[in-house]
Amino acid sequence: MTGLSGQWSYLRLDVTDDDDWAAAARAVDSLDILINNAGIAVGGRLDATSMDSWQRIVDINLLGVVRGCKALVPTLGRGGRVVITASAAGLVHAPHMGAYNATKAAAVALAETLDAELRPRGISASVICPLFFRSGLADSLSGDDPKADEAARMLLSKTPLTSEKVAARSVRAIQARRLVITPDALSTATWYSSGSPASPSWPGRVSSAAWSNDGVDRRHPRGGGCTARGHP
């Protein structure tokens, strides 16, 4: 933060701690944007994933977002934004990562619900759903299923997609107040081709789509931005 221009402040915050969120709410008079970014990964088959791992990932990936929104959404005024970092795993659910899939799908559902609730107040919600990109996520793997963890580490380390690219593309879509943001071409294509009723390609949702190498969705003008679903 010392290299950033302007005035900045920092608070230590454990997203599983209600007291930390209460302290943050006391320290903040008003916000323009709330970004819920904390998350961990748990890999493995359902029968290999411990209940401790389930409780931990739900407490961070889902309830951490719930706590953050309950504490700080009241500080947002008209024109404010809520952003939740989820994953393409919240849209398309691969095997051997049930706990991660479930929490990220819940984060997507929460963002969609918040958007519907807050739009009348002039506040939008966005949920970012990238595919694998280089980050520190692998450090949080639980170790319940070593083979699944090793596969996840390989995918996270071999991808050409970086956190900087995901952030830059997501900012454009957040500024456009898009709801579901897929900031890379592969996550967008995977979602469209999944055949899930939640997919934009489900009959009646959209008619056509095309993606550029920068991950921008260039479908029917009803959409656009860097996302598969949104609002004008």
Side-chain angles (χ1 to χ4, degrees), residues 1 7-42 49 51-91 93 97-130 135-137 140 142 163 166-167 170-171 173-183 198 227 229-231:
M1 291 177 56
Q7 294 183 337
W8 296 83
S9 60
Y10 169 84
L11 290 175
R12 180 193 175 280
L13 194 150
D14 177 346
V15 298
T16 69
D17 190 316
D18 291 330
D19 290 339
D20 279 6
W21 281 114
R26 290 192 297 269
V28 175
D29 294 327
S30 63
L31 283 179
D32 297 317
I33 184 168
L34 168 63
I35 302 175
N36 298 276
N37 190 59
I40 62 170
V42 171
T49 306
M51 287 308 302
D52 284 344
S53 291
W54 270 98
Q55 290 169 347
R56 182 167 180 262
I57 196 171
V58 169
D59 206 17
I60 294 172
N61 289 12
L62 174 57
L63 296 182
V65 178
V66 173
R67 292 184 185 96
C69 291
K70 285 178 69 67
L72 294 176
V73 162
T75 69
L76 293 167
R78 178 164 292 275
R81 295 173 170 88
V82 178
V83 179
I84 298 171
T85 301
S87 166
L91 305 173
H93 313 125
M97 46 194 298
Y100 188 72
N101 291 345
T103 57
K104 292 305 183 179
V108 173
L110 180 59
E112 292 180 328
T113 303
L114 280 171
D115 192 71
E117 292 178 355
L118 297 175
R119 286 274 172 172
R121 292 171 47 190
I123 299 170
S124 62
S126 298
V127 58
I128 306 171
C129 299
S135 71
L137 186 65
S140 69
S142 66
S163 55
V166 170
S170 297
V171 165
I174 293 165
Q175 289 172 337
R177 298 188 183 275
R178 300 301 176 185
L179 177 47
V180 178
I181 301 170
T182 50
T227 179
R229 186 156 78 249
H231 298 268

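With respect to Arg67, the side chain to side chain contact (heavy atoms under 4.5 Å, CB included) criterion is satisfied by exactly one of Asp59, Val15, Leu62: Asp59. Results of the side chain to side chain contact (heavy atoms under 4.5 Å, CB included) test with Ile128 over Ile174, Ile84, Val108 single out Ile174 as the only residue that passes.
Side-chain contact between Val65 and Leu110 is present, with at least one heavy-atom pair separated by less than 4.5 Å. Within the 4.5 Å cutoff, the side chain of Ile40 has heavy atoms near those of the Arg56 side chain.
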Tell me, with the steps shown, if Leu63 and Val58 meet side chain to side chain contact (heavy atoms under 4.5 Å, CB included). CA-CA 6 Å; Leu63 296 182; Val58 169; 4.3 Å; yes

Criterion side chain to side chain contact (heavy atoms under 4.5 Å, CB included) on Asp18 and Lys70, from CA distance to verdict: CA-CA 10 Å; Asp18 291 330; Lys70 285 178 69 67; over 6 Å; no

Is there a side chain to side chain contact (heavy atoms under 4.5 Å, CB included) between Val42 and Trp54 once you walk through the steps? CA-CA 8 Å; Val42 171; Trp54 270 98; over 6 Å; no

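Between Asp115 and Arg119 a salt bridge is recorded (basic side-chain N to carboxylate O distance below 4.0 Å).
Closest approach of Pro130 to Ala86, counting heavy atoms only: CD-O, 4.1 Å. Listed here is the closest heavy atom pair of Ala24 and Leu13: CB-CD1, 3.7 Å. In terms of heavy atoms, Leu114 sits closest to Cys69 at CD1-SG, 3.6 Å. Taking every heavy atom of both residues into account, His93 and Gly90 meet most closely at NE2-O, 3.4 Å. The shortest heavy-atom contact between Ala41 and Ile57 is C-CD1, 4.3 Å. For Arg177 against Gly79, the heavy-atom pair with the smallest separation is NH2-O, 2.7 Å.
Here the CG atom belonging to Asn36 is positioned 11.5 Å from the CG atom belonging to Asn61, to the nearest 0.5 angstrom. Atom CD of residue Gln175 and atom OG of residue Ser126 lie 10.5 Å apart, to the nearest 0.5 angstrom. Summarising the geometry, atom CG belonging to Leu31 is positioned 5.5 Å from atom CG belonging to Leu76; distances are rounded to the nearest 0.5 Å. Distance CG/Asp14 to CG/Asp20: 5.5 Å, rounded to 0.5 Å. Note that OG of Ser87 is 6.5 Å distant from NZ of Lys104, once rounded to the nearest 0.5 Å. The distance from the OH atom of Tyr100 to the OG1 atom of Thr49 is 14.0 Å, given to the nearest 0.5 Å.
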